[in-house]
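Written below as structure tokens is the structure these notes are about.
Predicted model, so just to flag it, every value in this text is computed and none were measured. Whatever order the structure lists them in is the order used to number ligands and atoms, beginning at 1. Along the sequence shown, the residues carry numbers beginning at 1.
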Amino acid sequence: MKDILVIEGGQPLYGNVHISGAKNAGLVLIAASIMAEGETILDNVPRICDVEVMVQILNEMGVKAFWNEDDSLSIIPPATTVKTQTPYELAKKLRASNLFLGALLGRQGEAIVSLPGGCDIGSRPMDLHLKGAQALGADIDIEHGYIYARALQMHGSRVYLDFPSVGATENIMMMAVKTPGLSIIENAAKEPEIVDLANFLNSMGGKIRGAGTDLIKIEGVPVLNACRYTIIPDRIEAGTYMIAAAITGGEVLVENVIPTHLHPIVAKLQETGATVQETEQGLLVKGGQRILPADIKTLPYPGFPTDMQSQMMALLSLAEGTSVIVENVFENRFQIVDELKRMGAKIKLEGHSAIVEGTPSLYGARVKATDLRAGAALVLSALAARGETTIEEAIHIFRGYEDIETKLKSLGAKIK
Ligand code: UD1
């Protein structure tokens, strides 16, 4: 059954792994493509469940979206209007469906967006997205699980984000890119995926400056012309395979990465005793003889990413000593703890902190992937554990990791 992964642990991983395009960049670029005139072609889009759902949403909205033989994704919006409502049954499957708020408002001044689903990792409000929409001239109503956003005439404006939310920054960039006048986002998110969105919109004729800093300036342009664009590599997928090398005491060359995007992860990995060497092909990660404890605080980029917290917890469960992990971004990111404990991990929770007392070994067990990154962490623990681990609800993992079974097998893992 596709929803279960079975892993026989204890094999050090060796070899090369090619990193796919970034899930979080792919999702927002797919949404943004509906604002262009003509055929957008996206290269390096990961073939993962979340992307397939975005493609289905596009089709339901009357936008043509299809895979080409060379694995690129074509997106062709109609010359007239698209459906302004994202279908609930699809939108509830992923949080990123909320990105149609910005794309639809930016395209045609109206959006009816289902309150989104996705990983259950904490309350994920949309107040900052809506603050941006209102500042740019949209009226907002929330009824029956939908956000209704309408604007007769949008206008450039200044928006201060109380927290540098990735989704809110992206939505406001999309709302503003074709809106007359100058829009400014203060305390904007600085993640590499934000920079990728700005580069993509600018390739289509947008005028966005400052992406990657906390002040983004957007000068509205009347038209965006479709282009061909290659999505950045997935830093979280890369980080996960780097930990796979470290946790199994193996040696893996992680190819197709942008090393600067990985600095926060590399720094912590080195603290735990792994060796990371930058080569022409990518990052070569060697597991150390011992795993050392390290303290982690998740923060917006360039801090340590919340999307790598669970995987790091898996590694630190096997450290020689005690580590403290503080989760500052999503409050429910500790659901993994009970599952890791089933494999022998010793972890105590105190509010937003997890105290991880390292243990010499983990053992195989029957566990459940509660969300995408928790699922990835269970895969990592299972690779290092003694005996067989069965991971249920692995669908969460397939939402974000392209060909994970094939990639791990090629590194010597026993996984099916
Ligand atoms: C994106 C990523 C996700 C990553 C997260 C943080 C995508 C598709 N997902 O999610 O993988 O874990 O960034 O790096 O790109 N918040 C508010 N009000 C808002 C919006 C957010 O309070 O209007 C809060 C959230 O509750 C959370 C924090 O801001 O505590 C960060 O959320 P945000 O950066 O918006 O994450 P997402 O865009 O949902």
Side-chain angles (χ1 to χ4, degrees), residues 21-32 45-46 48-51 53-54 57 91 93-103 113 115-135 140 142 147 149 159-175 185 187-197 214 231-232 234-237 239-240 261 264-265 297-312 326-336 352 371-377 396-397 399-401:
K23 163 176 124 19
N24 287 347
L27 296 175
V28 69
L29 265 58
I30 290 173
V45 185
I48 50 176
C49 297
D50 273 11
V51 163
V53 175
M54 285 298 268
I57 294 177
K93 292 188 183 173
L94 83 164
R95 166 86 180 165
S97 59
N98 70 13
L99 295 167
F100 284 112
L101 174 68
V113 179
L115 287 169
C119 278
D120 181 19
I121 52 177
S123 88
R124 298 176 87 174
M126 297 229 0
D127 54 315
L128 301 172
H129 305 236
L130 301 182
K131 183 178 173 183
Q134 282 167 325
I140 304 288
I142 298 181
I147 297 168
V159 186
Y160 172 81
L161 297 181
D162 305 293
F163 184 91
S165 153
V166 173
T169 303
E170 292 170 342
N171 257 333
I172 298 167
M173 284 163 75
M174 290 188 284
M175 290 170 203
I185 310 175
N187 199 27
K190 296 183 279 201
E191 270 69 3
E193 293 75 18
I194 303 282
V195 178
D196 213 30
L197 174 63
D214 54 15
I231 289 166
I232 54 168
D234 196 308
R235 62 199 166 98
I236 306 300
E237 189 199 14
T240 303
H261 294 173
I265 299 167
K297 280 194 178 101
T298 66
L299 285 170
Y301 192 84
F304 189 86
T306 177
D307 282 350
M308 282 301 298
Q309 186 258 98
S310 303
Q311 299 91 312
M312 206 63 191
V326 184
E327 174 55 61
N328 291 309
V329 182
F330 287 117
E331 69 268 27
N332 275 9
R333 266 270 157 91
F334 285 143
Q335 293 181 80
I336 175 74
H352 287 243
D371 64 67
L372 166 58
R373 305 306 170 185
H396 284 293
I397 303 168
R399 282 189 40 217
Y401 290 86

Any N or O on R95 sitting closer than 3.5 Å to an N or O of ligand 1? yes
Side chain, backbone, both or neither: which part of S165 has a heavy atom under 4.0 Å from ligand 1? both
Between A25, A31, P125, flag the one that comes closest to atom 20 (C) of ligand 1 by a heavy atom. P125
Distance-only N or O hit between ligand 1 and A96, under 3.5 Å: no
For a 4.5 angstrom cut-off between non-hydrogen side-chain atoms, does M173 reach V28? no
Any heavy atom of Y301 under 4.0 Å from ligand 1? The part involved is neither
Kindly determine whether K190 and V195 satisfy side-chain contact (heavy atoms from CB on, under 4.5 Å), including the steps that lead there. CA-CA 7 Å; K190 296 183 279 201; V195 178; over 6 Å; no
So do K23 and V51 actually touch side chain to side chain, heavy atoms under 4.5 Å? no
N171 side chain to H129 backbone, donor-acceptor under 3.5 Å: no
Would a 4.5 Å heavy-atom cut-off, applied to side chains only, mark D234 and Y401 as touching? no
Would you confirm whether E237, through its side chain, and G239, through its main-chain N or O, come within 3.5 Å as a donor-acceptor pair? no
For atom 14 (O) of ligand 1, which candidate among L94, D127, V166, V28 provides the closest heavy atom? V166
The atoms of ligand 1 lying under 4.0 Å from a heavy atom of M126, numbered in the order shown, are 23 (O)
Atoms in ligand 1 with a heavy atom of G167 nearer than 4.0 Å: 35 (O), 38 (O)
Are D50 and L372 side-chain neighbours, meaning at least one heavy-atom pair lies under 4.5 Å? no
Atom indices of ligand 1 within 4.0 angstrom of F163 heavy atoms, with elements: 28 (C), 29 (O), 31 (C)
Closest heavy-atom approach to atom 4 (C) of ligand 1 among L197, D307, V329 is made by D307
